[in-house]
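Presented below is the structure to which this report refers.
Note that this is a predicted model, so its numbers are computed, not measured.
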Amino acid sequence: MLEQSARKIFNETLLRIDAKQAVQRAVKIEYSQLLINDNEFDLDSNLAIYVVAIGKAAYPMAIGFNEIAGNWIKGGVVSGVISKNKLDSKWQVFGGGHPLPNEESFISAKAAFELLEKADSEKALVIFLISGGGSAMMDLPRNKEICLTDLREFNQILVTSGANIAEINSVRRAISEIKGGGLALAAPNTKQISLIISD
């Protein structure tokens with residue numbers, strides 16, 4: 001009896017932490033309405049949807065959202081752990097670095113800003129799919145003179161400094177164009193929803 005209960009708890013836990021299924025529990029389409037938790041969006045109004053997915057679970061989150069709302073998605077950027085890309089051509093998929101940013105972390109950030117500029121001009125709906133590790137997997141310094149090598153060295157020093165995560169993130173936000181709401185601020189004329197999975 002105890003073994004059956006433990007197995008049931010274990011299996012339910014695995015189901016709950018599956019990133020794809022977590023998104024699909026939060027997102028539904030009923031008739032012509034896109035439902036995201038308590039938010040409703042009318043799909044009959046020619047609403048354009050753009051998606052930015054960042055972090056270690058970004059790819060399965062994007063897959064989960066795409067399976068539900070793919071017909072209405074006009075474009076997406078994913079920066080995460082990618083083994084084999086199964087998303088279609090409207091998605092730009094990048095293998096961002098973790099725990100330190102890599103070249104694709106920079107490229108994906110630039111792609112996200114281009115996507116958000118387009119979404120902003122269309123007054124579209126932007127869905128942010130965020131998971132742990134995103135701070136390295138998509139990054140772009142505010143100061144364009146800071147190169148990838150500099151940023152990697154800065155991050156390495158920061159994470160080994162003994163500072164706690166709140167302090168580390170405070171410093172990261174000060175130098176990053178992405179962090180601290182930088183992506184959201186890039187598209188002020190859009191409707192925005194964030195689905196966040198914490199690790």
- request: Measure the CD-CG distance between Glu30 and Leu43 for me, rounded to the nearest 0.5 Å.
  value: 11.5 Å

message: Salt bridge or not between Arg152 and Glu103? Use side-chain N to carboxylate O under 4.0 Å.
response: no

query: With a 4.0 Å cut-off, would you call Asp18 and Lys20 a salt bridge?
result: no

message: Check this for me, if you would: do Asp139 and Arg172 make a salt bridge, where the nitrogen-to-carboxylate-oxygen distance has to be below 4.0 angstrom?
response: no

query: Going hydrophobic residue to hydrophobic residue with side-chain gaps under 4.5 angstrom, can you get from Met137 over to Ile130?
result: no

- request: Evaluate the side-chain proximity of Val81 to His98: yes if any heavy-atom separation is below 4.5 Å, no if none is.
  value: no

message: Can you give me the closest heavy-atom contact between Asp42 and Leu47, atom names plus distance?
response: O-CB, 3.8 Å

field: Gap between atom OG1 of Thr149 and atom CG of Leu151 - 0.5 Å precision
entry: 9.5 Å

query: Can you tell if the side chain of Phe154 reaches within under 4.5 Å of the side chain of Ile146, non-hydrogen atoms only?
result: no

query: With no hydrogens and no angle check, is any side-chain donor or acceptor of Glu167 less than 3.5 Å from a backbone partner on Asn164?
result: yes

message: Can you confirm whether Glu67 is buried at CD, in the sense that more than 12 heavy atoms of other residues, nucleotides or ligands lie under 6.0 Å from that atom?
response: yes

- prompt: Does atom CG of Asn46 have more than 12 heavy-atom neighbours from other groups under 6.0 Å away?
  reply: no

- request: Kindly say whether Ala163 contributes a backbone atom to a donor-acceptor pair with the side chain of Ser161 at under 3.5 angstrom?
  value: yes

field: Passing option when Phe128 is tested against Leu183, Ile193, Leu195 for side chain to side chain contact (heavy atoms under 4.5 Å, CB included)
entry: Leu183

- prompt: Side-chain heavy atoms under 4.5 angstrom apart, residues restricted to Ile, Leu, Val, Met, Phe, Trp, Tyr: same cluster for Tyr50 and Val52?
  reply: yes

task: Answer yes or no: is there a side-chain heavy-atom contact under 4.5 Å between Asn66 and Lys90?
output: yes

Any Phe41 side-chain heavy atom under 4.5 Å of Leu35 side chain: no

message: Is the shortest side-chain heavy-atom distance between Val23 and Ile68 below 4.5 Å?
response: no

